[in-house]
Structure formats: C-alpha cells, structure tokens
Amino acid sequence: MLLDALRRNFERVLRNDEQLGLQRYQNLAWGGAYLSEAALLAYERSGDERFLELFVAYFDRLLLRRDAVLHRRDDFRDAIRQGWGSSKAAPNRWINLITHNGRIVYPATRFALLVQQRPALQRFQTKANHYTAISRAVLDEFDPEWQTLHTANGDAWFLRPPSGEPEEIGRAHV
C-alpha cells in the first residue's frame, strides 16, 4: 500500500510542478522531499529495494525539472542555476532559495549514504555518485551567500534573496 501511495504522490508532485511552470512555489522542496524521505525510510525499515527503485525513478525525473535543464534564469542572480528556482521569495520573480534546494537534495544525499554503507546496494552506486555530484553542484552555488553577520559573536548565515536578510532560523536548520 505504501509503495502504491508513494508512486501516486510522486507522480502528483511532478505533474503539479509541470503545470505550475514559472509559478512553482515550494511543492518540490516540501511535498516531494517528504515523499522521498518516506521512500528511503520504508526501505530502511523493510529492506524492500522497490522503495529505492521508486525513489530513483522519481529523483531522475526531478533532475529534469532543474533550471539548468529547463533553461530558466534566476532573476536575482541573472544566471541559470543548477538547482530548482521558484516564485516563493518574490511574486513574478524566479529565484533559487537555499532552503528549497537543500530540502530537495537532502534525500538524494541520504540515498547515496545508504548505498555507500550497504554493500548489497552496489547496483545503485552509479546513481548515488551522480546524485552526490549534482547535490554538490546545486549547493555550491549558494556559497557566496554564506555571510558573517555583524553580531557580537560573528554568526554566519545564508542570506535570503531578494531581501538580503538572514534566512529564518527554522528554515536554515532544515
């Protein structure tokens, strides 16, 4: 039942994203990531590799929704980014957010770690390496936005475009 529910909901997330186009909000970062985490947890608890196969099928399709593939330009940075932009930060502006991109790639990095830790999952190694490389490329683009704040203890934080304010604590920790 869980496998079927995940399959249906992965399809719903992707279909919704295609329909939203440049009005994408946060469905990939939250709904898609929660489903991905559920698939990985289901594998961990059951040992049923169909959950990993389902995750791979979803994540491969999700990779095709990246800005670099769709040729979508980030309006804030005036560049095509490796990750997934949205209109969440500012209406009618396409902007990549660290929190959304971190949420999206987190399950991919968790998948890679599972594959690395379990020799029985060797058949997934190529996918794990690919997901790790893409995750690194996506997140590395945010390095310039990691800034030391002018506080007594010199905290560092990601700045949220377009405001340039520090990312909210609840989102930053995610």
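- Every residue two or more places apart in sequence or in another chain was checked for a salt bridge (charged side-chain N to carboxylate O under 4.0 Å, His left out) with Arg72, and none qualifies.
- Side-chain contact between Lys127 and Phe111 is present, with heavy atoms from C-beta onward closer than 4.5 Å.
- Cluster annotation: Leu3 and Phe124 are assigned to the same hydrophobic cluster (Ile/Leu/Val/Met/Phe/Trp/Tyr, side-chain heavy-atom contacts under 4.5 Å, transitive).
- The minimum heavy-atom distance linking Glu37 with Pro107 is given by the pair CG-CG, 4.1 Å.
- Within the 3.5 Å criterion, the main-chain N or O of Val13 finds no donor-acceptor partner in the side chain of Asp17.
- The ring-ring contact (aromatic ring centres under 6.0 Å, His included) test applied to Phe10 returns Tyr58, not counting sequence neighbours.
- From Leu62, atom CG reaches atom CG of Leu14 across 6.5 Å, with rounding to the nearest 0.5 Å.
- Within 6.0 Å of the CZ atom in Arg136, the count of heavy atoms belonging to other residues, nucleotides or ligands does not exceed 12.
- Taken together through direct or relayed side-chain contacts under 4.5 Å among Ile, Leu, Val, Met, Phe, Trp and Tyr, Leu40 and Ile134 form part of one hydrophobic cluster.
- The two residues Leu2 and Ala42 come nearest to each other via the heavy atoms CD2-CB, 3.7 Å.
- Between Ile80 and Arg66, every side-chain heavy-atom pair lies at or beyond the 4.5 Å cut-off.
- When all heavy atoms of Leu139 and Val105 are compared, the pair lying nearest together is CD1-CG2, 3.8 Å.
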request  = Please test Gln125 against His130 for side chain to side chain contact (heavy atoms under 4.5 Å, CB included), starting from the C-alpha separation and ending with a verdict.
outcome  = CA-CA 9 Å; Gln125 189 63 55; His130 180 60; over 6 Å; no

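- The CG atom of Leu20 lies 12.0 Å from the CZ atom of Arg15; values are rounded to the nearest 0.5 Å.
- Between the side chains of Asp67 and Trp94, at least one donor N or O lies within less than 3.5 Å of an accepting N or O.
- Proximity of Gln23 to Asn92: side-chain heavy atoms (C-beta onward) are separated by under 4.5 Å at one or more points.
- When each of Leu70, Leu63, Leu97 is tested with Trp84 by the rule side-chain contact (heavy atoms from CB on, under 4.5 Å), just one qualifies, namely Leu63.
- With hydrophobic clusters built from ILVMFWY side chains whose heavy atoms lie under 4.5 angstrom apart, Leu113 does not share a cluster with Val115.
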task = Kindly indicate, with the supporting measurements, whether the criterion ring pair (Phe, Tyr, Trp, His ring centres under 6.0 Å) is fulfilled by Tyr43 and Phe55.
result = CA-CA 10 Å; Tyr43 162 74; Phe55 169 76; over 10 Å; no

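- Connection of Ile98 to Tyr106 is not established within any shared hydrophobic cluster, with ILVMFWY side chains joined at heavy-atom distances below 4.5 Å, either directly or through further cluster members.
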task = Kindly indicate, with the supporting measurements, whether the criterion side chain to side chain contact (heavy atoms under 4.5 Å, CB included) is fulfilled by Glu141 and Arg77.
result = CA-CA 11 Å; Glu141 289 183 325; Arg77 298 168 185 93; over 6 Å; no

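- Atom CZ of Arg50 has 12 or fewer heavy atoms from other residues, nucleotides or ligands within 6.0 Å.
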task = Given salt bridge (Lys or Arg N to Asp or Glu O under 4.0 Å), test Glu49 with Arg123 step by step and report yes or no.
result = CA-CA 11 Å; Glu49 291 183 15; Arg123 70 184 178 107; 2.8 Å; yes

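- The structure places CD of Gln26 at 4.5 Å from NZ of Lys88, a figure rounded to the nearest 0.5 Å.
- In terms of heavy atoms, Asn27 sits closest to Asn16 at ND2-OD1, 3.0 Å.
- Both tests hold for Arg81 against Phe142: distance to the six-membered ring centre under 6.0 Å, angle to the ring axis within 45°.
- To the nearest 0.5 Å, the span separating CZ on Arg93 from OG on Ser86 amounts to 12.0 Å.
- Note: Leu35 CG to Arg12 CZ = 6.5 Å, rounded to the nearest 0.5 Å.
- Note that OG of Ser36 and CG of Leu28 are 9.5 Å apart. Values are rounded to the nearest 0.5 Å.
- What you find for Leu54 and Arg7 is that their closest heavy atoms are CD2-N, 3.7 Å.
- The only member of Thr109, Val56, Thr126 that meets side-chain contact (heavy atoms from CB on, under 4.5 Å) when paired with Tyr131 is Val56.
- Considering only heavy atoms from C-beta on, His100 stays 4.5 Å or farther from Arg24 through its side chain.
- Within a 6.0 Å radius of CG in Asp140, more than 12 heavy atoms belonging to other residues, nucleotides or ligands are found.
- Nearest heavy atom pair, residue Ile95 against residue Ala90, reads CD1-CB, 4.4 Å.
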